[in-house]
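Note that these values count all heavy atoms, side chains included, but never hydrogens, waters or copies made by symmetry.
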Protein chains: 2
Amino acid sequence: MIKDSALETVEVAQALKLLGDKTRLTIMGLLNVRECCVCEFVEMIQMSQPSVSQHLRKLRDARLVKETRKGQWIYYSINQEYEGYPLVKDILRYVKGAEEQLEALEKAGLSIRCT
Amino acid sequence: MIKDSALETVEVAQALKLLGDKTRLTIMGLLNVRECCVCEFVEMIQMSQPSVSQHLRKLRDARLVKETRKGQWIYYSINQEYEGYPLVKDILRYVKGAEEQLEALEKAGLSIRCT
DNA sequence: TCATTATATAAGTATATACTTATATACTCA
DNA sequence: TGAGTATATAAGTATATACTTATATAATGA
C-alpha cells in the first residue's frame, strides 16, 4: 500500500469508475500529452459536443481535470492538485495511442482551425 | 506509455470499470493479501452471497481473478496470467485496509469457521 | 448591436448495472 | 443415500449511465 495516499477505497473506486469509460479514458490519455479544448476532443474522439462536455463535466466535478478559459475556448488539463493525481498518472502509463492521435490532428491542421 | 503492454484502451477501460466498484475493489484488495473463499468475502464486506458471487463472476469472466475448488470451497485469487495484471497490481497499491480487515477476520476465527 | 463560434445545460430515452429473493448445483460426511 | 454447507445462477427491479436533440450562455469581431 502507498502510505501517503490520502485516498479511501471509495475514492479510488470513484476515480477508477470515471476512468473506466472508453471515452473518458481516451480524453485523459490526450490530456496526458497536452491540454486540449473541447472542439479538439470532439474532432479526435468522433463524438458529439454535448456528449464530450458531459464527460468533461464529470471529470471536472471529481477534480480529475481543471478548466481554463482562454477567450472563446475552454482548455482542459489534468489537475495536479487532485488527491488521486499519482494514481491517475500511474494508470495513464498503460494508455496508448494519444501521441499518435495528436500528431495526426496537428498534421491535419485542426489545432489551427480551433485557434 | 508502457511499451510492453498488450492492452488496448478499451481493455484498460474494461479493467478500470470492473475495479471502479467499491465492492469489487475491496474484493481485489483482499485478494491482494491472500486468496479467499466466497464465504470470507460475504463476512468481510457485509454483502449477500449471491451479490458477492455475481461480482466474482464478473472479475473471473474478465480474467482478473481465477478460481480453484478445494473440496466444498471455491478459492479465488488474482490471476497473474491476465494481460492487465501489472496494471491491476499498480492500482492495488493505492487500496488500503485489506491487511487490517483480514487480521480482524482471523482473530474472530472466521477462517476456521470456513475450513 | 448582431451574427458567429465555442461551450454548457436540460430533458428525454435506451441500456447497463447492482442489488434482491428464490432456486439449482456441487461437494462432504454421517 | 440423504442432510447440511458452499456456491452459482435465474429472474425481477430500481437506479445509474451514456447517449440523443434542443436550447441556453458566453465570448468575439464585424
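- Minimum heavy-atom separation, B:Glu11 to B:Ala6: OE1-O, 3.6 Å.
- Regarding contacts with the backbone of D:dT9, a side-chain N or O of B:Arg57 is found under 4.0 angstrom from either OP1 or OP2.
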Spell out protein contact along nucleotides 18-25 of chain C as letters: B when the base is contacted, S when just the sugar-phosphate is, - when no protein heavy atom is under 4.0 Å; keep the 5' to 3' order. SBBBB---

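- Heavy atoms only, all atoms of each residue included: A:Ala62 and A:Tyr82 are closest at O-CE1, 3.5 Å.
- The CZ-C1' distance, from A:Arg69 to D:dT28, rounds to 11 Å in whole Å.
- Comparing A:Ser53 and A:Gln72 by the nucleotide of DNA chain C that holds the closest heavy atom to each, the one mapping nearer the 5' end is A:Gln72.
- Between A:Val38 and A:Ser53, the shortest heavy-atom distance links the atoms CG1-OG, 4.2 Å.
- With salt bridges taken as basic N to acidic carboxylate O contacts below 4.0 Å, one links B:Asp90 and A:Arg93.
- Residues A:Cys39 and A:Trp73 approach most closely at SG-CD1, 4.3 Å, considering heavy atoms.
- A:Phe41 comes within 4.0 angstrom of nothing in the nucleic acid, heavy atoms only.
- Environment of NZ in A:Lys66: crowded, with over 12 heavy atoms of neighbouring residues, nucleotides or ligands closer than 6.0 Å.
- Atom-to-atom, CD1 of B:Ile74 to P of D:dT5 comes out at 17 Å; the value is rounded to the nearest Å.
- Not one side-chain nitrogen or oxygen of B:Tyr75 sits closer than 4.0 Å to the OP1 or OP2 atom of D:dT7.
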